[in-house]
Amino acid sequence: MSFSTHFSHAITRRPAPSIIAGLRAVDTGSPDLALMQAHHAAYVATLQETGATVVELPALDAYPDSVFVEDTALCLPEGAVIMRPGAPSRLGEAAEMAPHLRALYGQVVEITGKDSFIEGGDILVTEREVLVGRSARTNAAGVAELARLVGPWGHKLREVHTPPGVLHFKTDCSLLDVDTVLSTTRLSASGCFEGYRVIPVADGEEAAANTIRFNDLVLMPAGFPKTRDTILAAGFNVREIGNSECAKLDGGMSCLSLRFTPKP
Ligand code: CIR
C-alpha cells in the first residue's frame, strides 16, 4: 500500500463564520457559510466512506482560512512537520494544529526559522520524492529547513516551480497513483513531472487540477466534466464534491485535509 495515496487518518477543521474574511487573489464574492458547511460535510463523509478515521476539529473563528488545514503541516509516515505559513494572517494556524498531530504521531518537528516560510499546499509527496514549489507563501529558507528535517527520515526534496500567479504548487497538480500525476499543462510544461505519467487537466478546467487520491477514491471538485471523464477513463473511482465556496478563496480538495497513517 502506498503511503502517498493510502491513509488511515485525516484531520479536517470545520469552516468558521469568519470565512467571509478569508484570503483570496481575486474577489468573486463572499462565500456562503451554509453551503460551504454542506460541501465540507460531504467531503468528510467521503473520506470516512473509504474506512479512514477523520478527526474533525471545531471551527476556529480567529483564523478565517483555518478550514484549509493542509497548509499547517506536512504528514509523512515517519512523522509530521509543522509548517510556517507565509500568509501573516495564517501563521498562528500552525500552532493550533500541532497538539492534534502530537496526539497521533510519535515524532512531530517544526519549521522554526523566523525567515523560513512554507505552506503544505506547495508540497506534493510521491512514493519516490517530496516535490516543493516556491511560491508567494514558500521561500528558499523554508524549503531548506524542510529538507534538513525530513532528510533523516529518508525523504529527498526536489524543488520545482509554481507557475506565476498560481497560489500553491498543488493548486495545479495532484497525485493519482504512485506514478501518475494530474496536472495543468501550464505546470507540466515546466518538465517537473518527467518520469511520471501525466494526465492533463482539460484546457479551461485548470481549477480541476487540485484533487486528492484518498484510498480507493479520487475526490475532485464538481463542475469539470472533461477532466472528470479523462480521470474516469484512466480507471480511477471519482467522487465529485461541491467546491464553489472554497474556490472563492482559492481553496480545493487537498487544502481541506491532512492525510496520513501515523506510526506511534
Ligand atoms: C489562502 O489564501 O491561504 C486560502 N484562502 C486558501 C488556501 C488554499 N490551500 C491550499 O491550496 N493548500
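Order of appearance sets the numbers: ligands from 1, and atoms from 1 within every ligand. What you are looking at is a predicted structure, and each value in this text was computed from that prediction instead of being measured. One is the number of the first residue; the rest follow in order along the sequence.
- Residues in residues 243-262 take part in these salt bridge (charged side-chain N to carboxylate O under 4.0 Å, His left out) pairs, two or more places apart or across chains: E70-R259, E245-K248.
- By the criterion of a heavy-atom distance under 4.0 Å, the side chain of R137, and not its backbone, is placed next to ligand 1.
- Distances shorter than 4.0 angstrom do not occur between any heavy atom of R24 and any atom of ligand 1.
- Counting heavy atoms under 4.0 Å from ligand 1, residue R90 touches it through the side chain alone.
- Checked against a 3.5 angstrom limit, the closest N/O atoms of H168 and ligand 1 fall inside it.
- For F260 and Y105, the distance between ring centers is under 6.0 angstrom.
- With ligand atoms numbered from 1 in the order given, ligand 1 contributes 4 (C), 5 (N), 6 (C) to contacts under 4.0 Å with heavy atoms of L249.
- Residues L60 make up the rest of the hydrophobic cluster containing Y63, defined by ILVMFWY side-chain heavy atoms closer than 4.5 Å, directly or through other members.
- Of the protein's non-hydrogen atoms, D65 OD1, 3.2 Å is the one closest to atom 4 (C) of ligand 1.
- Counting heavy atoms under 4.0 Å from ligand 1, residue L23 touches it through both backbone and side chain.
- Donor-acceptor pairing under 3.5 Å is recorded for the side chains of N210 and S254.
- Screening D71, T162, D122 for a side chain to side chain donor-acceptor pair (under 3.5 Å) involving T138 leaves a single residue, D122.
- In this structure, the protein non-hydrogen atom closest to atom 10 (C) of ligand 1 is C255 SG, 2.8 Å.
- If you check which protein heavy atom lies closest to atom 9 (N) of ligand 1, you get D71 OD2, 2.8 Å.
- Judged by a 6.0 Å distance limit and a 45° cone about the ring axis, R128 is positioned over the six-membered ring of Y196.
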Quiz prompt | Chi angles and distances behind the side-chain contact (heavy atoms from CB on, under 4.5 Å) call for I11, M97 | solution = CA-CA 9 Å; I11 297 181; M97 182 56 70; 4.0 Å; yes

